[in-house]
Protein chains: 2
Amino acid sequence: MFKHLPSRKAYTLLESGPIVLLTTAGSKGHNVMTLGFHMMVQHEPALVACVIGPWNHSHTALRESGECVISVPTVDLAEQVTRIGNCSGQDVDKFATFGLHASPASTVNAPLIEECIANLECKVADTALVEPYNMFILEVSRIRVDRFRRERRLIHHAGNGAFIVDGDTVDMRQHMTKWRYLMD
Amino acid sequence: MFKHLPSRKAYTLLESGPIVLLTTAGSKGHNVMTLGFHMMVQHEPALVACVIGPWNHSHTALRESGECVISVPTVDLAEQVTRIGNCSGQDVDKFATFGLHASPASTVNAPLIEECIANLECKVADTALVEPYNMFILEVSRIRVDRFRRERRLIHHAGNGAFIVDGDTVDMRQHMTKWRYLMD
């Protein structure tokens with residue numbers, strides 16, 4: 001049912017800019033937030049940057065635990081994703097409220113989300129940019145992808161609660177002369 | 001033909017993770033590169049982070065000039081975008097080779113690209129992260145959007161020259177209770 005990708009394949013999931021969920025394990029249990037401010041920083045080791053302000057309940061858990069999971073939702077989860085991004089883990093048990101199922105990760109204490117098509121386990125690699133920009137540098141330690149999920153279209157936040165859904169794919173592989181070494 | 005958005009609306013163009021072009025003006029003329037490693041950092045003033053390695057000809061121009069333009073292409077430009085990302089401005093005049101038309105920006109010396117649906121003029125706001133991560137923090141100073149362009153679908157790089165094209169839009173505005181202040 002699941003396959004594992006090498007961490008260096010994180011960019012195939014994240015570079016296209018999907019809205020993602022981010023889970024943490026804190027002293028008060030699991031939490032999950034919605035995240036649109038993230039990018040790839042490096043292919044290998046796979047580094048991801050994300051901006052999480054101190055007004056987010058997850059900020060503290062991420063600083064204290066140094067671990068999280070980036071979970072990639074598909075379009076059938078758009079309402080949950082939006083509502084998760086509009087309430088706080090300080091007030092609500094978001095897993096229970098939004099019907100998400102947590103399952104144990106392998107390399108971190110933060111949970112995977114069963115409903116998501118992909119889960120990337122991450123460890124905080126650098127907190128030096130938290131002070132100026134609320135930016136965490138994460139290293140991806142393990143990737144699990146749901147192979148048999150029917151709905152596979154990711155969503156991209158265009159602002160104000162409008163999400164663009166994945167449409168067609170355009171294949172420009174024949175023009176990837178310089179970056180061929182990344183393929184396999 | 002064009003409209004100008006306030007800089008604080010940059011996230012409506014960039015948060016959804018489109019592949020973008022980035023232009024610079026250097027001592028040897030204009031250059032353009034393809035960029036997938038970028039994210040929003042802050043809504044207002046609008047800050048954008050991007051990762052541009054020193055192996056890119058644009059890296060030096062960006063450091064020296066402190067200015068660039070982020071140009072947002074649509075799906076009809078997918079082949080040019082890919083080919084621009086697979087050659088170097090050191091060897092090729094990319095504007096001429098790929099039939100792009102440069103036009104003057106208002107707040108920076110780097111050029112706009114006429115063929116792109118949106119052009120965001122940017123000034124480098126912080127180079128402290130260039131050393132560890134090749135990361136530039138940019139502040140958006142002006143946004144021009146082509147109002148009457150027919151093809152409006154952006155493309156998202158899913159790796160290895162495969163691009164996902166914008167599909168349907170899902171409207172979750174009614175659930176944006178917390179972030180309503182961003183809307184107008």
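Below, chains carry the letters A, B, ... as their sequence lines are ordered, and counting in each starts from 1. Keep in mind that this is a model prediction, so the values were computed, not measured.
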Closest heavy-atom contact between A:M172 and B:A78? CE-CB, 3.8 Å

Got a sec, which pairs hit salt bridge (Lys or Arg N to Asp or Glu O under 4.0 Å) with one end in residues 53-76 of chain B, sequence neighbours left out? B:D76-B:R149

Most contact-rich option vs chain B, by heavy-atom pairs under 4.5 angstrom, among A:G167, A:C50, A:C87, is A:G167

State plainly whether one hydrophobic cluster holds both B:V32 and B:F136, where clusters connect Ile, Leu, Val, Met, Phe, Trp and Tyr through side-chain heavy atoms under 4.5 angstrom apart. no

B:R150 CZ: over 12 foreign heavy atoms closer than 6.0 Å: no

Heavy atoms from other residues, nucleotides or ligands near CG of B:N109 exceed 12 (cutoff 6.0 Å): no

If I measure from the heavy atoms of chain B, does A:I19 come under 4.5 Å with its side chain, its backbone, both, or neither? side chain

Is the shortest side-chain heavy-atom distance between B:I137 and A:M135 below 4.5 Å? yes

Assigning hydrophobic clusters by single linkage (Ile, Leu, Val, Met, Phe, Trp, Tyr; side-chain heavy-atom cutoff under 4.5 Å), is A:V145 placed with A:L14? yes

Distance, nearest 0.5 Å, that separates CG of A:L129 from CG of B:D126: 9.0 Å

Are any non-hydrogen side-chain atoms of B:M40 and A:H157 less than 4.5 angstrom apart? no

By a 4.5 Å heavy-atom criterion (distance strictly below it), what part of B:I155 contacts chain A: side chain, backbone, both, or neither? neither

The interface call for A:L154 against chain B, heavy-atom contacts under 4.5 Å, is neither

Please check if the side chain of A:D168 supplies one atom and the backbone of B:V165 the other of a donor-acceptor pair under 3.5 Å. no

Identify whether A:I164 and A:I117 are in the same connected component of the hydrophobic contact network (ILVMFWY, side-chain heavy atoms under 4.5 Å). no

With a 4.5 angstrom heavy-atom cut-off, which part of A:V81 approaches chain B: side chain, backbone, both or neither? neither

Which pairs pass salt bridge (Lys or Arg N to Asp or Glu O under 4.0 Å) with one or both residues in residues 16-29 of chain A, sequence neighbours excluded? none

Of the listed B:P132, B:G36, B:G53, the one with the largest count of heavy-atom pairs under 4.5 Å with chain A is B:G36

Look up atom CZ in B:R83 and atom NZ in A:K178, then write down how far apart they are to the nearest 0.5 Å. 14.5 Å

Segment of B:L47 engaging chain A (4.5 angstrom heavy-atom cut-off): side chain

Contact origin within A:A128 toward chain B - heavy atom pairs under 4.5 Å: neither

If you define the side chain from C-beta out and look only at heavy atoms, does anything of B:N160 sit under 4.5 Å from A:M176? no

Top contributor to chain A contacts, counting heavy-atom pairs under 4.5 Å, from B:V75, B:D166, B:L13, B:D171: B:D166

Quick one: do B:V48 and B:L21 end up in the same hydrophobic cluster if we chain Ile, Leu, Val, Met, Phe, Trp and Tyr together by side-chain heavy atoms under 4.5 Å apart? no

Name the region of B:Q42, side chain, backbone, both or neither, that has any atom closer than 4.5 Å to a heavy atom of chain A. backbone

State plainly whether one hydrophobic cluster holds both A:V41 and A:I70, where clusters connect Ile, Leu, Val, Met, Phe, Trp and Tyr through side-chain heavy atoms under 4.5 angstrom apart. yes

Rounded to the nearest 0.5 Å, how far does CD of B:E15 lie from CG of A:L35? 8.5 Å

Please find the pair of heavy atoms, one from A:M39 and one from B:V51, that lie closest to each other, and give the distance. CE-CG2, 3.7 Å

